[in-house]
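Here the structure is a predicted model, which is why all the values come from computation and not from measurement.
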Amino acid sequence: MALFSSQEQQLISALFETYCPAGDLVPGADVSLLPPALLEDLAEHPRLLRGLRWFLQGLRIGFQLRHRQSFCQADLALRRQFLQSLPVAAGPLERILTLPLRLQQARRDEVAVALSLPPASPVPQAEPAQRWQQQIRRPDDLAAVETWEADVVIIGSGAGGAAAAATLAERGLAVVVLEEGDYMTRQDFAGDVLHRLPQLYRASGLTMAFGQSVIPVPIGRSVGGTTTINSGTAMPLSAARLAEWRQQGLQDLREEDWAPWVERVQAVLQSAPADPRYVGEIGRIMAEGAARCGYQHYGPLWRNAPGCDGQAQCQFGCPTAAKQSTQISFIPRALQAGAVLVTGMKAQSLLQEGQQVLGCVASAVDQQGQARQLTIRAAATIVAMGSLLTPVFLQQQGIRHEQIGRGLSLHPAGVVLAEFPDRFMDHGRCIPQGFGVHDRQEDGLVFEGGTPPLALHALMRPEVGPAWTESLEQYQHTAYFGFMIRDSSRGRVLPGPHADWPWILYWMNRADLRLFRQGVLELARMYWAAGARSVSVPSWTRLHRFTHEQDLCRWLATSSVRDFLITAYHPLATCRMAASPAQGVVSSDAEVYGWQGLYVMDGSILPGSIGVNPQVTIMALACRAASRLADRLAAS
């Protein structure tokens with residue numbers, strides 16, 4: 001059965017021609033390639049396919065009603081005018097649903113050659129099997145129904161779950177780690193990035209928070225969790241934040257006790273400043289701009305990627321295995337110490353007797369379509385599914401607590417683009433996030449690089465037609481740099497219509513909006529100080545371009561949340577650690593208040609927003625809590 005009707009195919013072809021005309025360097029859209037390309041890509045994205053069909057029908061009917069003619073038969077100028085006139089509320093939807101069209105153009109080999117981009121990463125030779133990999137089990141390795149006994153079962157293999165697993169297994173405890181996603185090696189991180197999305201990202205990267213605007217919050221789904229798809233930045237918690245936590249009642253988080261856990265994590269991650277050779281031109285630009293603006297604390301970021309050679313693939317799995325995401329660092333340590341990792345298994349329920357948790361039940365379907373069920377009975381159960389899924393899972397299991405799912409912090413992030421016609425960025429051969437400016441960190445404002453691959457550059461641009469093609473051609477002369485704020489706004493997570501789609505609600509308050517505007521302004525000043533011809537601030541529906549600071553200031557004065565393209569990568573604090581159950585969900589030992597044998601060890605237990613990339617803090621808290629749990633189990 002054909003994926004699209006003939007009418008839908010005509011609409012898709014007309015859209016492709018409208019979005020992607022030829023430019024000076026880039027060839028025009030090859031409509032003949034579209035149907036097979038879309039069949040290949042959309043078959044892996046059923047929700048995107050349904051959404052695209054709805055969009056096509058709305059486009060057909062809306063254009064016919066407004067212009068009394070078919071979208072396919074109208075001239076290109078009228079089509080572009082119509083697309084650019086879509087309501088603001090339709091902007092994010094239109095951007096998402098037409099993603100395959102723009103990505104298909106950006107992925108063409110002819111485009112990469114025209115823009116001097118390196119070819120797709122070749123598939124590296126298979127590495128020799130390691131003994132610890134014998135500790136990995138998949139659904140096909142299991143009987144239809146099995147029951148295991150363990151000391152600890154951990155649900156999730158990201159920053160918190162993996163660090164806890166290694167700590168507990170190295171203490172001699174029997175540990176089972178459950179991971180819904182697959183175990184992937186560097187061979188799986190080569191080739192086209194689009195095909196990796198459904199394997200590496202939950203909901204193919206389309207997890208969203210809703211409030212005054214739509215905020216993408218991408219999270220991982222594979223062994224390693226979000227550490228597999230993050231930028232590798234490894235920064236410790238500041239002494240000021242740790243002091244705040246003590247003031248909130250967590251008195252045992254003393255600096256002298258905390259420091260060894262951070263040092264352990266940094267040693268495992270092999271954290272060090274990024275190699276300046278691979279920071280790229282954007283680092284030189286920002287160093288010039290920061291110095292001329294009077295900043296003093298800037299330079300290569302600390303990263304967990306020894307031996308990184310700048311392949312610019314961090315957000316899609318590291319093809320060189322340089323980035324020490326947890327499937328490279330903590331998980332092998334856990335398996336070497338005897339832990340067992342079960343992949344492709346989704347935790348379905350907790351085993352409960354009164355207020356005590358005695359393990360969990362997981363299920364899967366193997367490659368032959370046969371159901372598998374695994375029951376793991378354990379003295380302790382650790383939920384480490386992340387700040388968006390852990391509270392939902394607990395609520396679905398009947399774990400009642402007023403604070404579960406509340407207090408969500410996101411570290412809202414913004415990006416400012418700058419035009420440097422005389423400088424070649426060499427995107428594709430540099431670390432996407434390798435440089436930072438941290439003078440304003442204690443004010444809640446951190447500037448860090450954030451260069452996207454060409455495919456995401458193509459998606460972010462709101463232009464249609466020749467302007468969009470021109471934006472592709474200017475990719476190597478476009479500087480990307482970002483910032484994030486330590487937010488005081490708080491959101492909430494609730495069970496959604498599907499496991500991949502929790503309801504994430506988040507409203508940015510006025511103080512955070514002021515701080516966000518300040519981030520835009522200061523970043524623009526650095527660009528101009530470095531010689532930028534113009535700076536641009538993206539929103540969902542347009543790109544706001546400025547050549548003078550006074551024009552930017554006037555616009556910022558009246559801007560709202562909807563005027564910015566806001567993203568978020570660090571959901572935190574939805575099951576926060578606190579000194580009492582009135583203040584939070586878990587104790588300083590990470591045990592859920594009111595329950596025995598139930599622990600949470602992931603970003604959800606952080607007491608609040610920390611203002612820096614949180615993976616080191618999450619891992620240190622997990623190592624600390626897991627060590628205390630090991631002491632408790634040894635004494636029982």
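A donor-acceptor contact closer than 3.5 angstrom links the side chains of R196 and Q313. Between D487 and S609, the side chains place a donor N or O and an acceptor N or O closer than 3.5 Å (distance only, hydrogens not considered). Looking at Q327 and S157, their side chains never bring a donor and an acceptor atom within 3.5 Å of each other. Under the 3.5 Å distance criterion, with hydrogens and angles disregarded, no donor-acceptor pair is assigned to the side chains of N304 and Q270. Side-chain contact annotation: S363 with Q373, donor-acceptor N/O pair under 3.5 Å absent. There is a side-chain donor-acceptor pair under 3.5 Å between D512 and S489. Side-chain atoms of W261 and E263 form no donor-acceptor pair, as typed in the model, at a separation below 3.5 Å.
Formation of a donor-acceptor pair under 3.5 Å by the K323 side chain with backbone atoms of T227 is found in this model. Using a distance-only test at 3.5 Å, with no hydrogens or angles considered, no donor-acceptor pair links the side chain of E170 to the main chain of A334. Between the side chain of H457 and the main chain of Y475, no donor-acceptor pair closer than 3.5 Å is present. At least one donor-acceptor pair closer than 3.5 Å links the side chain of S387 to the backbone N or O of P571. No donor-acceptor distance shorter than 3.5 angstrom exists from the side chain of R138 to the backbone of M345, with no hydrogens or angles considered. No donor-acceptor pair closer than 3.5 Å links the side chain of T381 to the backbone N or O of Y599. Side-chain N or O atoms of Q130 include one that pairs as donor or acceptor with a backbone N or O of P128 at under 3.5 Å. In terms of modelled atom types and a separation under 3.5 Å, the side chain of R372 and the main chain of L142 share a donor-acceptor contact. Remark: side-chain polar atoms of Q397 are paired, donor with acceptor, to backbone N or O of Q348 under 3.5 angstrom. Judged by distance alone, with hydrogens and angles left aside, the side-chain atoms of S539 form no donor-acceptor pair with the main-chain N or O of F564 at under 3.5 Å.
Between F316 and Y201, the two ring planes are tilted [angle within 30° to 60°]. Using the six-membered ring where Trp is involved, W132 and Y183 have ring planes that are perpendicular, over 60° apart on the 30 and 60° scheme. Ring geometry, H427 versus Y480: the interplanar angle exceeds 60°, so the pair is classed perpendicular (tilted spans 30 to 60°).
Of all non-hydrogen atoms in G317 and L200, the two that sit nearest each other are N-CD1, 4.1 Å. Shortest non-hydrogen contact noted between M484 and G611 is CE-O, 3.6 Å. Closest of all the heavy-atom pairs between Q315 and S231 is NE2-OG, 3.6 Å. Smallest separation of non-hydrogen atoms from C360 and L178: SG-CD1, 3.5 Å. Counting all heavy atoms, side chain and backbone alike, T574 lies closest to P391 at OG1-CG, 3.5 Å. Between P139 and G344, the closest heavy-atom pair is CG-O, 3.7 Å.
Taken to the nearest 0.5 Å, the CD1 atom of I282 stands 9.5 Å off from the SG atom of C430. Atom CZ of R202 is separated from atom CH2 of W501 by 11.5 Å, given to the nearest 0.5 angstrom. Remark: R461 CZ to L565 CG distance equals 11.5 Å, nearest 0.5 Å. If you take OG1 on T167 and CG on L173, they are separated by 10.5 Å, rounding to the nearest 0.5 Å. Between atom CD1 of residue I610 and atom CD of residue Q441 there is a gap of 9.5 Å, rounded to the nearest 0.5 Å. Atom-to-atom distance recorded for R333:CZ and I328:CD1 is 13.0 Å, nearest 0.5 angstrom.
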Apply the test side chain to side chain contact (heavy atoms under 4.5 Å, CB included) to residues R490 and R406: give CA-CA distance (whole Å), side-chain angles for both, the deciding distance (0.1 Å), then the verdict. CA-CA 8 Å; R490 293 294 178 263; R406 297 180 182 271; over 6 Å; no
Yes or no on side chain to side chain contact (heavy atoms under 4.5 Å, CB included) for L572 and H411, after CA distance, side-chain angles and deciding distance? CA-CA 9 Å; L572 302 170; H411 284 171; 4.2 Å; yes
What do the steps show when you test W245 against L237 for side chain to side chain contact (heavy atoms under 4.5 Å, CB included), and what is the final call? CA-CA 11 Å; W245 293 358; L237 181 74; 3.6 Å; yes
Test side chain to side chain donor-acceptor pair (under 3.5 Å) on Q266 and S271 and set out the steps. CA-CA 5 Å; Q266 295 285 42; S271 300; 2.5 Å; yes
What's the verdict on side chain to side chain contact (heavy atoms under 4.5 Å, CB included) for T375 and L351, showing C-alpha distance, side-chain angles and the deciding distance? CA-CA 9 Å; T375 299; L351 299 176; 3.7 Å; yes
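Residues V612 and T233 form no side-chain contact, since every pair of their non-hydrogen atoms from C-beta on lies 4.5 Å or further apart. Between Q433 and T451 the shortest side-chain heavy-atom distance does not fall below 4.5 Å. Side-chain contact check for R221 versus E180: some heavy-atom pair is nearer than 4.5 Å. L394 places a side-chain heavy atom less than 4.5 Å from the side chain of V383. Between F330 and L269, the closest side-chain pair of non-hydrogen atoms falls below 4.5 Å. Residues Q199 and S222 form no side-chain contact, since every pair of their non-hydrogen atoms from C-beta on lies 4.5 Å or further apart. At least one side-chain heavy atom of I331 sits less than 4.5 Å from a side-chain heavy atom of L341. Residues I382 and L629 are in side-chain contact: their nearest non-hydrogen atoms beyond the backbone lie under 4.5 Å apart.
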Check: residues 620-628 side-chain donor-acceptor pairs under 3.5 Å, at least two apart:
unit_1	atom_1	unit_2	atom_2	d
R624	NH1	S588	O	2.9
R624	NH2	D252	OD2	3.0
S627	OG	R171	NH1	3.4
R628	NH1	D252	OD2	3.0
R628	NH1	D589	OD1	2.7
R628	NH2	D252	OD2	3.3

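Outside the 6.0 Å centre-distance limit, the rings of Y506 and F210 are not counted as a close aromatic pair. Residues F447 and F435 place their aromatic rings such that the two centres sit no closer than 6.0 Å.
Every pair tested for side-chain hydrogen bond (donor to acceptor under 3.5 Å, both in side chains) that includes a residue from residues 336-345 fails, sequence neighbours excluded, so the list is empty.
Looking at V357, V600, I605 one by one, the single match for side chain to side chain contact (heavy atoms under 4.5 Å, CB included) with V592 turns out to be V600.
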